[in-house]
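Numbers restart at 1 for each chain; the letters A, B, ... are given by sequence-line order, proteins then strands. All values below were derived from every heavy atom in this structure, side-chain atoms included, with hydrogens, water molecules and symmetry-related copies excluded.
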2 protein chains.
Amino acid sequence: MSRSVARENTRLDLARHAARLFLSKGVADTTGDEIAAAAGVATRTLWRHFRSKESAVEPLFAQSSLRFAAILRRWPRNLSIEELFAANLGPDNQAAEDTADDILVVRLLARLPEEPALRSAWLMSCQIGEEHLIEIIAERLDRPSGEFEVRLCAATVTAAIRIVDETVSLAAVKHGLKTTTAEVNAHLAQAIRRASTLPFCDPVTPRIWPTSGGE
Amino acid sequence: MSRSVARENTRLDLARHAARLFLSKGVADTTGDEIAAAAGVATRTLWRHFRSKESAVEPLFAQSSLRFAAILRRWPRNLSIEELFAANLGPDNQAAEDTADDILVVRLLARLPEEPALRSAWLMSCQIGEEHLIEIIAERLDRPSGEFEVRLCAATVTAAIRIVDETVSLAAVKHGLKTTTAEVNAHLAQAIRRASTLPFCDPVTPRIWPTSGGE
DNA sequence: CATTAAATGTCACTTAGTGACAGACTAATC
DNA sequence: GATTAGTCTGTCACTAAGTGACATTTAATG
């Protein structure tokens with residue numbers, strides 16, 4: 001196993017244990033020592049991987065948003081966002097382990113109102129996701145990634161994704177609302193569509209126009 | 001002077017000293033003791049007002065966004081956002097002390113790329129601003145403030161404001177770019193317009209239609 | 001197997017942040 | 001004007017968060 005992958009695994013393992021402790025005892029009543037002990041590493045190792053105990057859950061958020069970004073990066077130029085989601089999003093399209101992590105994320109998001117420390121970790125993760133989205137939108141629309149319009153669009157779309165995530169998580173955990181994957185996908189696609197300031201949700205013209213013959 | 005106003009003044013004073021220290025020495029090299037000493041209060045008082053040293057600058061962010069929200073709350077229903085900004089936004093429309101605070105905010109925002117700790121405080125402040133914006137939009141459009149569409153719109157608009165603030169601050173501090181108030185206002189209004197998912201930027205029909213006679 | 005570089009553990013240390021109590025200030029009440 | 005009650009502050013002892021330095025282990029590579 002590659003070195004950096006092992007490192008990422010350690011971080012994820014710490015993140016999972018941190019999340020479970022935060023969920024069961026609250027952030028304030030969980031110490032760094034406990035998180036490290038639960039993960040079976042020295043306390044010093046925890047602080048080597050994370051600047052603060054709250055940020056220890058960030059790898060969970062990051063993993064989710066990275067999987068989402070990976071789907072967007074493979075987005076065929078002739079597909080709408082609804083078609084993309086229908087074919088790629090949901091528990092049927094990922095490993096069971098990833099779904100378990102997603103559930104942890106959902107439970108954490110449901111705690112945001114009571115746990116400001118978690119909110120800060122969540123917002124920082126959204127920020128990372130926003131930077132990925134900048135690249136994705138720039139690539140799909142053939143625009144420079146430094147452009148203001150592109151960054152604006154990435155920010156509004158990220159905000160929409162965040163609101164949907166928070167809303168769905170809160171509804172699921174606090175009100176026991178069962179939503180189907182199709183419903184969540186539709187909800188998410190619609191929110192992104194409304195939020196986007198650039199037309200990247202529909203098929204876009206290919207970078208190189210198809211030709212029947214040679215050059 | 002009211003009790004809670006005195007409290008807010010203490011917080012603002014601490015925030016200003018914290019901001020100056022963060023700007024001159026960086027966040028990591030500034031201790032809580034130093035911030036408290038600069039403001040002339042006991043260290044314990046600092047921790048009573050703020051959960052962490054980074055969050056000590058939040059009152060500065062909060063004050064700016066509160067002034068902005070106050071302008072939006074007084075927004076006449078027959079005015080466009082451009083007209084509102086032209087008449088209310090800019091250094092001519094506020095106290096010199098407030099403008100000095102705004103300059104501190106701009107300089108802090110210019111440091112976000114190098115100071116992740118500040119970014120977290122900034123994002124948390126934007127979150128508060130977003131909640132104000134929910135009320136403002138709900139009120140202007142005569143919709144319930146709990147509605148998903150309203151919260152979505154507030155989130156995308158807040159994202160737009162955030163991006164403009166960050167962009168303008170970075171351009172001003174790092175590249176010495178001088179932008180006129182009118183330019184910033186136009187930039188901001190346009191970004192908000194593009195980001196908004198609900199039509200609150202233009203005149204809206206008054207809640208009660210004007211009548212010439214009695215009821 | 002030897003080498004090397006990165007990850008981890010151990011321990012001493014500084015800084016962040018809290019609990020508890022005592023004193024000071026303010027505002028209302030008599 | 002004294003009283004009283006409530007909130008804010010300072011002092012001090014304390015726990016928890018987080019770092020620096022150095023030894024040790026681990027895993028990839030030749």
Exercise. Go through the side-chain N and O atoms of E149(A) and T197(A) and say whether any donor and acceptor fall under 3.5 Å apart.
Key: no
Quiz item: Do the side-chain N and O atoms of S64(A) and D102(A) include a donor-acceptor pair separated by under 3.5 angstrom?
Solution: yes
Should [X] and [Y] count as an ion pair when the cut-off is N to O under 4.0 Å?
X: R151(B); Y: E166(A); result: no
X: E114(B); Y: K174(B); result: yes
X: E97(B); Y: R16(B); result: yes

Closer than 4.0 Å, any side-chain N/O of [X] to the OP1 or OP2 of [N]?
X: T43(B); N: dG10(D); answer: no
X: H49(B); N: dC8(D); answer: no
X: T45(A); N: dG9(C); answer: yes

Specify the separation, in whole Å, of atom [atom1] of [X] and atom [atom2] of [N].
X: E34(A); N: dA16(D); atom1: CD; atom2: P; value: 9 Å
X: R7(B); N: dT26(C); atom1: CZ; atom2: P; value: 16 Å
X: R11(A); N: dT8(C); atom1: CZ; atom2: P; value: 11 Å
X: F50(B); N: dT18(C); atom1: CZ; atom2: P; value: 13 Å
X: R44(B); N: dC14(D); atom1: CZ; atom2: P; value: 15 Å
X: D29(A); N: dT15(D); atom1: CG; atom2: P; value: 16 Å
X: E54(A); N: dG17(C); atom1: CD; atom2: C1'; value: 12 Å
X: D33(A); N: dA17(D); atom1: CG; atom2: P; value: 7 Å

Quiz prompt | 5'-most by nearest nucleotide on DNA chain C - R48(B) or K53(B) | solution = K53(B)
From C-beta outward on [X], which listed nucleotide comes closest to its side chain: [options]?
X: W47(B); options: dG10(D), dG18(D), dT18(C); result: dT18(C)
X: T31(B); options: dG17(C), dC8(D), dA16(C); result: dA16(C)
X: V41(A); options: dG10(D), dG9(C), dA17(D); result: dG9(C)

Quiz item: Checking all strands, does T30(A) fall into the base, sugar-phosphate, or nothing category for heavy-atom contacts under 4.0 angstrom?
Solution: sugar-phosphate
